[in-house]
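Okay, so here's the structure we're looking at.
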Protein chains: 2
Amino acid sequence: MANYLPTLDRVFHCLANSTRRRVLEALSAGPSTMTELAEPGEMAMPSFLQHLQILEEAGLVRSTKNGRVRSYELNPPPLLLADNWLDKQRKHWNICLDQLHHLLTNPESEPEHE
Amino acid sequence: MANYLPTLDRVFHCLANSTRRRVLEALSAGPSTMTELAEPGEMAMPSFLQHLQILEEAGLVRSTKNGRVRSYELNPPPLLLADNWLDKQRKHWNICLDQLHHLLTNPESEPEHE
DNA sequence: AAGATAGTTAGCCATACACCTAAGTATGAG
DNA sequence: CTCATACTTAGGTGTATGGCTAACTATCTT
């Protein structure tokens, strides 16, 4: 229990699946129950549940159970991890693009795309 | 060939691995060769090569070969895909946090963390 | 030409992933 | 009490992932 560890690996792994991204998109509009989240004939429930559990273990989502209904809500903070990583990288892209430009205007070696 | 398809799935999958993230971080400082990128005793070359190929197939990285040396450089555009997705989501987080706040101040149902 | 260097290919292995069906457990409605 | 609803658990399947060793190719260096 308490296996809820938001690591970059886990967070990005969650995002690497369209079903899980769809859930996050849906939850960004507000809390929702399992059956609401599950698109009608898309997937068997147990398979879908697994995705929700993966999301929950990564801390991207929290769930509570009322009676027999479990509802999910977004838990943004872990997403900031991913966001931050990309932010840091993005700062370098500009530099990198400058360098690229420099290389293209001063061709030292022919870029042969083998 | 030309299996270079930057999809959200592929891009996020690349980012879900610390070795691959490290490569991207390294390349954000400028182009580099395979052996430079491979940390000394971290991993066998063929295993490392696989990561580079995964990055290249996702379009995050491009490579050229000069003589026996292959060098890699960052290819930022696909990263923008990931960046954009998170951007869209982030806009909702604020709204979502507001809703959360609203729920916390107007408790309709006890949030029992089962 | 011989040897070192840089990368590549082939093939193996264990574990993780994404899906399924079938059967089980609460819980709410009638 | 009975039945439907809403999940849950158990267990199985095929493919993908992430790692390895061993052996090979191509290119410098001497």
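In what follows, every chain begins at residue 1, and chains take the letters A, B, ... in the order their sequences are listed. Just so it is clear, the values below take in all heavy atoms, side chains as well, and ignore hydrogens, waters and symmetry mates.
- Counting only heavy atoms from C-beta on, Ile54(B) has its side chain closest to dG18(D) among dC20(C), dG7(C), dG18(D).
- Rounding to whole angstrom units, CD of residue Glu56(A) and C1' of dT8(D) are separated by 14 Å.
- Arg68(B) has no side-chain polar atom (N or O) that falls below the 4.0 Å cut-off from OP1 or OP2 of dA4(C).
- Atom pair Gln53(A):CD and dA18(C):P shows a separation of 13 Å (rounding to whole Å applied).
- Heavy-atom minimum distance, Val11(B) versus Pro78(B): CG2-O, 3.8 Å.
- The distance from atom CD of Gln50(B) to atom P of dC12(C) is 15 Å, rounded to the nearest whole Å.
- Thr35(A) comes within 4.0 angstrom of sugar-phosphate atoms only, judged by non-hydrogen atoms across all strands, and of no base.
- In this model, the phosphate group of dT17(D) is not approached by any side-chain N or O of Asn17(B) to a distance below 4.0 Å at OP1 or OP2.
- Each of Asn17(A), Val23(A), Leu24(A) was checked for a side chain to side chain contact (heavy atoms under 4.5 Å, CB included) with Arg20(A), and the lone residue meeting it is Asn17(A).
- Taking 4.0 angstrom as the limit, Lys65(A) places a side-chain polar atom (N or O) nearer than this to OP1 or OP2 of dT8(D).
- For Thr33(A), the side-chain atoms get nearest to dC7(D) when compared with the rest of dC7(D), dG19(D), dT9(C).
- Closest to the side chain of Pro46(B), out of dT21(D), dT8(D), dG7(C), is dT21(D).
- Contact between the side-chain N/O atoms of His13(B) and the OP1/OP2 oxygens of dA16(D) is not found at any separation under 4.0 Å.
- A straight line from CG of Leu49(B) to C1' of dT21(D) spans 15 Å, rounded to a whole angstrom.
- The side chain of Met45(A) approaches dC7(D) more closely than any other nucleotide in the set dC20(C), dT9(C), dC7(D).
- The two residues Ala58(B) and Cys14(B) come nearest to each other via the heavy atoms CB-SG, 3.5 Å.
- Cluster annotation: Ile54(A) and Tyr72(A) are assigned to distinct hydrophobic clusters (Ile/Leu/Val/Met/Phe/Trp/Tyr, side-chain heavy-atom contacts under 4.5 Å, transitive).
- Between Ser47(A) and dC20(C) there is a side-chain polar atom (N or O) within less than 4.0 angstrom of OP1 or OP2.
- The nucleotide whose nearest atom lies closest to any side-chain atom of His51(B) is, among dA10(C), dC19(C), dG19(D), dG19(D).
- No continuous path of hydrophobic side-chain contacts links Leu37(B) to Val69(B) [ILVMFWY only; heavy atoms under 4.5 Å].
- Here the closest heavy-atom approach between residue Ser28(B) and residue Leu74(B) is recorded as CA-CD2, 4.0 Å.
- Atom CE in Met34(A) sits roughly 11 Å away from atom P in dT9(D) (whole-Å rounding).
- Atom-to-atom, CZ of Phe48(A) to C1' of dC17(C) comes out at 17 Å; the value is rounded to the nearest Å.
- Set against dT9(D), dC20(D), dA18(C), the side chain of Ala44(B) has dC20(D) as its closest nucleotide.
- Phosphate proximity of dT8(D) to Arg70(A): present, with a side-chain N or O under 4.0 Å from OP1 or OP2.
- Straight-line distance from the CD atom of Glu36(B) to the P atom of dG7(C): 9 Å, rounded to whole Å.
- Look at CG on Leu52(B): it is 14 Å from C1' on dG18(D), rounded to the nearest Å.
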